[in-house]
2 protein chains.
Amino acid sequence: MNKPTNLDVCEKHCLHLDRVEQVRGGMLDDRVAEGLAEIFGLLGDRTRVRILHALSLGELCVCDISAVLGTTSSAVSHQLRLLRTAKLIKSRKEGKNVFYTLDDEHVRQLFAQGLDHVLER
Amino acid sequence: MNKPTNLDVCEKHCLHLDRVEQVRGGMLDDRVAEGLAEIFGLLGDRTRVRILHALSLGELCVCDISAVLGTTSSAVSHQLRLLRTAKLIKSRKEGKNVFYTLDDEHVRQLFAQGLDHVLER
DNA sequence: TATTCATATGAACATGTACTCACTTGTTTG
DNA sequence: CAAACAAGTGAGTACATGTTCATATGAATA
């Protein structure tokens with residue numbers, strides 16, 4: 001039936017219907033696209049980038065991280081929660097302190113690749 | 001002199017002063033951290049992820065992209081501008097149409113690595 | 001030339017988000 | 001037990017950002 005999908009745009013005038021069909025077939029699953037955006041979004045913040053990089057240099061407690069970054073431990077704690085929820089970091093409790101480490105080899109690689117991009121331009 | 005930097009937090013009670021010093025020495029340059037956050041932030045949006053993935057499958061004009069995504073060409077155009085400014089994509093004009101392609105091998109790799117992460121979890 | 005169309009863009013609006021502040025929790029230590 | 005402290009959290013706020021809408025621009029076509 002070719003029931004019109006939600007394409008009020010360029011439905012009749014679009015140039016490459018064949019190409020569009022082909023690309024549409026190869027498109028990412030919506031959940032995957034969402035997941036990608038999520039992980040990249042988490043890396044897309046200056047504070048979180050610095051936290052992750054600091055942790056890539058070694059295990060640190062919240063207090064240490066905030067000292068390294070020069071921000072409040074509250075702000076750091078909020079960001080750590082996001083990273084922890086996304087399983088990018090993991091925590092270890094020791095007395096009053098909670099120590100964080102990277103929990104994802106992918107992230108380390110993404111980080112390295114991102115650095116490549118930034119440094120080579 | 002050890003002039004106190006802007007550390008109102010944990011200045012006295014922080015556990016691992018040695019570790020903090022060490023990590024602080026290895027920290028990223030601020031511009032680099034900013035650049036990293038910028039590139040990742042650009043990838044951290046569902047619409048842009050889908051645009052980039054569509055372009056990874058082949059050259060497309062604005063109209064085609066909006067058809068594939070099912071969004072307005074205006075919204076797409078706005079996002080394309082961001083990606084173009086960041087040199088992640090490049091454009092080629094042909095008559096009334098403007099065709100876009102990926103302009104960065106790094107991005108292709110980042111994308112693949114991000115996919116790994118999302119799919120393997 | 002007038003019209004149609006693809007693309008771009010600015011303003012307005014709505015939503016998301018990162019920080020601060022106040023407070024709580026749980027642990028150590030005096 | 002009480003005080004001190006590290007860490008977590010909810011509310012509020014300021015700012016960033018993605019979309020829509022209206023419009024502009026520039027090219028093809030009637």
Side-chain angles (χ1 to χ4, degrees), chain A residues 6-17 19-20 33-34 37-38 40-52 59-86 89-100, chain B residues 6-17 20 33-34 37-38 40-51 59-86 89-100:
Chain A
N6 50 348
L7 299 179
D8 311 330
V9 194
C10 282
E11 206 168 54
K12 301 162 191 166
H13 311 289
C14 199
L15 274 199
H16 305 84
L17 273 181
R19 203 180 290 187
V20 168
E34 192 66 56
E38 213 165 278
F40 283 128
L42 273 168
L43 295 172
D45 174 79
R46 188 172 167 279
T47 301
R48 287 192 293 269
V49 161
R50 290 164 78 220
I51 289 176
L52 290 172
E59 187 185 55
L60 292 171
C61 71
V62 177
C63 206
D64 292 339
I65 298 173
S66 61
V68 169
L69 302 197
T71 53
T72 67
S73 57
S74 176
V76 169
S77 207
H78 278 295
Q79 300 306 333
L80 286 174
R81 192 168 63 80
L82 295 179
L83 296 171
R84 193 172 0 106
T85 301
I89 61 178
K90 68 182 168 197
S91 59
R92 174 179 72 82
K93 197 167 184 180
E94 185 180 316
K96 277 188 295 189
N97 297 294
V98 177
F99 291 90
Y100 283 90
Chain B
N6 50 347
L7 299 179
D8 311 329
V9 192
C10 281
E11 206 167 53
K12 301 162 189 167
H13 311 290
C14 202
L15 275 199
H16 306 84
L17 272 182
V20 168
E34 193 65 55
E38 213 165 280
F40 283 128
L42 234 42
L43 295 172
D45 173 78
R46 188 173 167 280
T47 302
R48 287 191 293 269
V49 160
R50 291 164 78 220
I51 289 176
E59 187 185 55
L60 292 170
C61 71
V62 177
C63 207
D64 292 339
I65 298 173
S66 60
V68 169
L69 302 196
T71 53
T72 67
S73 58
S74 176
V76 169
S77 205
H78 277 295
Q79 300 305 335
L80 287 173
R81 192 168 61 80
L82 295 179
L83 296 171
R84 192 171 2 105
T85 301
I89 61 179
K90 68 182 168 196
S91 60
R92 174 178 72 81
K93 197 166 183 179
E94 183 181 318
K96 277 188 294 189
N97 297 295
V98 177
F99 291 90
Y100 283 90

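To find a chain, count down the sequence lines: A is the first, B the second, and so on, and within it residues start at 1. Atoms considered below: every heavy atom in the structure, side chains included; atoms not considered: hydrogens, waters and symmetry mates.
Nucleic acid contact class of B:Tyr100 (heavy atoms, under 4.0 Å, all strands): sugar-phosphate only. Here B:Arg46 lies out of heavy-atom contact (under 4.0 Å) with every strand.
Atom NZ of A:Lys96 and atom SG of A:Cys61 lie 11.0 Å apart (nearest 0.5 Å). Atom CG of B:Asp45 and atom CG of B:Leu82 lie 9.0 Å apart (nearest 0.5 Å).
Under the salt bridge (charged side-chain N to carboxylate O under 4.0 Å, His left out) criterion, B:Arg92 pairs with B:Glu59, B:Glu94, not counting sequence neighbours. Evaluation of the side chain to side chain donor-acceptor pair (under 3.5 Å) rule for A:Arg50 yields no partner, not counting sequence neighbours. Remark: A:Arg19 engages no residue in a side chain to side chain donor-acceptor pair (under 3.5 Å) (not counting sequence neighbours). Residues forming a side chain to side chain contact (heavy atoms under 4.5 Å, CB included) with B:Ser77 (at least two apart in sequence, or on another chain): none. B:Val62 pairs by the side chain to side chain contact (heavy atoms under 4.5 Å, CB included) definition with B:Ser73, B:Val76, B:Leu80, B:Tyr100, not counting sequence neighbours. In this view, A:Glu34 and B:Arg46 satisfy the salt bridge (charged side-chain N to carboxylate O under 4.0 Å, His left out) rule, not counting sequence neighbours. Every side chain to side chain contact (heavy atoms under 4.5 Å, CB included) that A:Lys90 has, sequence neighbours left out, goes to A:Thr101, A:Asp103.
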Original post:
What string of B, S and - do you get for nucleotides 19-27 of chain C 5' to 3' if you count protein non-hydrogen atoms under 4.0 Å?
Top reply: SBB-----B

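Regarding A:Arg48, its CZ atom lies at a distance of 8 Å from the C1' atom of C:dT17, rounded to whole Å. Rounding to whole angstrom units, CG of residue B:Asn97 and P of D:dA27 are separated by 13 Å. Regarding B:Leu83, its CG atom lies at a distance of 12 Å from the P atom of C:dA8, rounded to whole Å. Put simply, CG on B:Leu17 is 12 Å from P on D:dA6, counting in whole angstrom units. Separating the CZ atom of B:Phe40 from the P atom of C:dT17 is a distance of 18 Å, rounded to the nearest angstrom. Distance B:Lys90 NZ to C:dT7 P: 18 Å, rounded to the nearest Å. Whole-Å rounding puts the B:Leu69 CG to D:dG18 P distance at 14 Å. Atom CG of A:Leu80 is separated from atom P of D:dG8 by 7 Å (rounded to the nearest Å).
End-to-end axis angle for the helix from C:dT1-D:dA30 to C:dG30-D:dC1, using five pairs per end and rounding to 10°, comes out at 10°.
Set against D:dT9, C:dT9, C:dA6, the side chain of A:Arg81 has D:dT9 as its closest nucleotide.
Between A:Gly44 and B:Arg84, the residue whose closest nucleotide on DNA chain C is further toward the 5' end is B:Arg84.
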